[in-house]
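Notes follow the structure.
Quick caveat, the model's predicted, so the values are computed rather than measured.
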Amino acid sequence: MNKILKNHWPVILYLLFYTIIFGVKLIQNPFPFFDWDESIYAQVGKEMINGWSIVPLWQGQAWLDKPPLVPLFYGLIIRATPFLLPEISSRLATLFLSTFALGLLYALYFKVLKESWLTTLVVIITSLTSIFLQRAQVLNVDIFLLLGWLGYMVFYKRFWVSLLFLSLAVYSKSLIGFYPVGIMGLFYTYQFATKQISLKEVLLQIKRLVLQVGILGLWHLAMFAAYGEPFLYQHFYESHVKRVTASIESHFGKRTFYIDLLFEQYGRYAFISVVGFIILITQWFKKQLSNKHVLFALFLFPWFLFLNLTKTKIFWYGHPYLGQFALLMLYPLILLKRFRLVYMSVIIVAMGMVLQYYFVQQTVLDDFYSSTDPHHILAKEAGDRCETLYVMIEPEGRIASQTLESMDLLITTSKWWGNHPSMVYYFEGDLSFIYTLEELANIDAESRDGYCIAVHQNDSEALDIITQYDVLQTYNPYILYIASN
């Protein structure tokens with residue numbers, strides 16, 4: 001332990017600072033879960049715990065898109081910390097996981113750079129990008145994926161430890177989680193093709209990889225046995241194949257979306273990554289870097305290339321490759337290593353500039369990803385006054401949904417979430433999102449007591465249909481109606 005502290009104290013000090021400063025921010029600002037990731041994982045996790053289910057549930061329905069790890073984790077955290085608001089405990093847990101992932105990123109790239117200060121600078125730059133900051137402070141699946149990938153590579157020689165990390169990736173994002181197994185399979189094949197290892201050795205390593213895949217694949221077999229064709233369709237086709245081949249659920253973007261995203265995160269400095277890549281490959285050709293060093297250094301580069309081939313464009317898919325390009329941007333500095341004073345001066349000045357930019361100029365501590373909005377208040381108060389809540393999607397949302405459906409860009413669960421899935425979490429009851437005027441007209445106002453309908457105040461078509469209801473309260477821009485008898 002003393003040796004670790006002595007050799008790696010810069011990164012330890014930074015990660016401690018990072019955890020404390022953003023942890024205090026999360027504790028002081030417990031805003032409601034925001035729509036999509038946070039509210040979905042919080043609600044699914046709560047239902048899994050309440051229902052003693054190992055299958056993700058959304059309002060009682062099996063959610064077959066995703067594996068169970070992430071919502072189950074958040075559900076357990078919330079249940080285990082009744083003394084904290086769920087919005088605090090679950091986000092703090094995410095922050096701790098993100099800090100752990102940064103530690104693994106450091107461990108992986110230290111194998112390449114062999115120097116603590118430069119590797120720490122890679123970690124600092126990665127940790128302060130807007131995407132990483134957002135993912136570090138909200139409930140999400142991406143940090144589990146990154147944690148699993150990095151841990152697998154750091155401990156790839158240890159079968160059970162690497163399997164544990166691989167399970168984090170696979171049981172958070174399913175087939176994508178097997179990415180490091182594919183990379184290692186290609187690496188061993190390359191070593192065999194170039195006669196660096198024997199046939200016996202490559203078969204042994206491939207057998208090891210296949211065994212890991214087989215062990216983790218048992219969950220998929222169990223789910224198929226339990227749910228049959230719906231699982232195959234929703235989990236494999238819709239959640240994997242369709243996301244690659246189509247811009248589902250309105251996630252459109254230019255062909256260069258993920259390249260543009262890289263420049264949004266790093267600005268013009270991203271161009272330097274090309275120089276770093278050339279230097280790294282040149283050193284490899286000159287035998288100054290081993291194959292393993294290149295493997296570690298470029299482990300996440302194929303992921304970046306793959307994303308550029310996919311049709312679905314989502315900014316958080318770029319989360320894993322942020323550290324990859326931070327390394328490549330800083331890699332040219334290794335040429336200064338022989339000039340120790342200059343080398344250390346450049347790194348320390350760069351650290352100071354980065355920290356000053358993000359904490360003084362950009363004030364990242366003032367960036368929040370959620371706020372208390374009218375739909376949160378409506379859902380909470382309706383939970384005390386209504387047994388059932390119907391939420392009418394506003395006209396723009398209805399048109400968008402119909403357009404996407406006509407283009408076959410929706411999946412089975414697309415209409416589960418509405419525009420504000422957080423309303424389900426805060427309503428804590430039976431809530432349905434209504435996508436057509438016909439559905440709204442078919443709600444029988446006399447069939448049961450205690451149910452309500454929320455409509456946007458500018459939705460004249462919907463308002464004309466529900467004239468028989470009584471206004472309960474207005475939450476600009478929503479109006480909450482209650483069935484009258």
Side-chain angles (χ1 to χ4, degrees), residues 1-5 7-8 11-12 15 19 67 69-70 73 93-94 96-116 119-120 122-123 126-127 132 141-191 196-197 201-219 289-303 319-324 326-327:
M1 179 59 71
N2 288 335
K3 185 177 180 181
I4 293 176
L5 291 173
N7 294 334
H8 306 289
V11 74
I12 294 172
L15 292 180
T19 303
L69 175 64
V70 176
F73 171 83
T94 305
F96 295 148
L97 291 178
S98 298
T99 303
F100 187 20
L102 289 171
L104 290 174
L105 185 74
Y106 174 89
L108 181 66
Y109 289 154
F110 185 81
K111 295 175 182 288
V112 179
L113 299 174
K114 302 293 185 181
E115 203 282 311
S116 180
T119 314
T120 300
V122 173
V123 169
T126 302
S127 70
F132 197 95
V141 68
D142 307 286
I143 190 58
F144 289 82
L145 182 70
L146 181 62
L147 195 62
W149 284 1
L150 293 174
Y152 186 88
M153 290 305 296
V154 171
F155 298 103
Y156 78 97
K157 290 183 178 180
R158 300 169 63 179
F159 181 88
W160 293 109
V161 177
S162 62
L163 179 64
L164 175 63
F165 279 103
L166 188 65
S167 69
L168 295 181
V170 173
Y171 293 149
S172 63
K173 277 241 179 175
S174 196
L175 299 187
I176 293 173
F178 288 117
Y179 171 81
V181 172
I183 294 297
M184 292 307 302
L186 291 174
F187 179 69
Y188 292 133
T189 301
Y190 168 78
Q191 285 189 309
Q196 297 176 51
I197 59 175
E201 177 65 18
V202 72
L203 291 177
L204 178 64
Q205 296 299 339
I206 296 298
K207 179 182 177 181
R208 187 172 177 269
L209 297 178
V210 171
L211 181 58
Q212 289 182 324
V213 172
I215 292 172
L216 298 184
L218 292 175
W219 174 82
L289 282 180
S290 69
N291 292 326
K292 285 186 178 179
H293 283 121
V294 175
L295 169 69
F296 297 144
L298 298 178
F299 164 60
L300 293 166
F301 192 70
W303 174 248
H319 181 254
Y321 67 66
L322 296 172
Q324 173 67 84
L327 172 72

Checklist entry - Rounded to the nearest 0.5 Å, how far apart are OG of Ser174 and CG of Leu69? => result 12.0 Å
Item to check | Asn291 versus Gln191, side-chain donor and acceptor atoms under 3.5 Å | outcome: no
Item to check | Spatial distance of atom OG (Ser162) from atom CZ (Arg208) [nearest 0.5 Å] | outcome: 5.0 Å
Checklist entry - So do the side chains of Gln324 and Trp303 get within less than 4.5 Å of each other, counting heavy atoms only? => result no
Next on the checklist: Are Leu97 and Phe73 packed together at the side-chain level, in the sense that at least one heavy-atom pair is separated by less than 4.5 angstrom?
Outcome noted: yes
Next on the checklist: Please enumerate all residues that pass side-chain hydrogen bond (donor to acceptor under 3.5 Å, both in side chains) together with Tyr109, with sequence neighbours excluded.
Outcome noted: none
Next on the checklist: Working to the nearest 0.5 angstrom, can you tell me the gap between Leu105 CG and Phe299 CZ?
Outcome noted: 10.5 Å
Checklist entry - When rounded to the nearest 0.5 angstrom, what distance separates CG in Leu298 from NE2 in His293? => result 12.5 Å
Checklist outcome for this item: Residues Ala326 and Thr126: closest non-hydrogen pair is CB-OG1, 3.4 Å
Next on the checklist: Does any part of the side chain of Trp219, heavy atoms only, come nearer than 4.5 Å to the side chain of Val170, both counted from C-beta?
Outcome noted: no
Next on the checklist: In the structure I gave you, are the side-chain heavy atoms of Thr94 and Ile143 within less than 4.5 Å of one another anywhere?
Outcome noted: yes
Item to check | Phe165 versus Leu147, closest heavy-atom pair with distance | outcome: CD2-O, 3.6 Å
Checklist outcome for this item: Closest non-hydrogen contact found for Ile215 with Tyr171 is O-OH, 4.2 Å
Item to check | Leu327 and Phe296, any side-chain heavy atoms less than 4.5 Å apart | outcome: no
Checklist entry - Between Tyr106 and Leu102, does a side-chain contact (heavy atoms from CB on, under 4.5 Å) hold up when you go through it step by step? => result CA-CA 6 Å; Tyr106 174 89; Leu102 289 171; over 6 Å; no
Checklist entry - Tell me, do Asp142 and Lys173 make a side-chain contact under 4.5 Å, heavy atoms counted? => result yes
Item to check | Nearest atoms (heavy-atom pairs only) where Ile197 meets Glu201 | outcome: CB-CG, 3.9 Å
Checklist outcome for this item: When every non-hydrogen atom of His319 is compared with those of Leu146, the smallest separation belongs to CE1-CD2, 3.5 Å
Identify all side-chain donor-acceptor contacts of residues 148-158 below 3.5 Å with residues at least two apart in sequence or on another chain.
{"unit_1": "Trp149", "atom_1": "NE1", "unit_2": "Gly177", "atom_2": "O", "d": "3.4"}
{"unit_1": "Tyr152", "atom_1": "OH", "unit_2": "Gln212", "atom_2": "OE1", "d": "2.7"}
{"unit_1": "Tyr156", "atom_1": "OH", "unit_2": "Lys292", "atom_2": "NZ", "d": "3.2"}

Item to check | Rounded distance [0.5 Å steps], CG in Leu108 versus CG in Leu295 | outcome: 8.0 Å
Checklist outcome for this item: Residues Pro67 and Ser172: closest non-hydrogen pair is CD-O, 3.7 Å
Checklist outcome for this item: Here the gap from Leu164 atom CG to Phe159 atom CZ, rounded to the nearest 0.5 Å, amounts to 12.0 Å
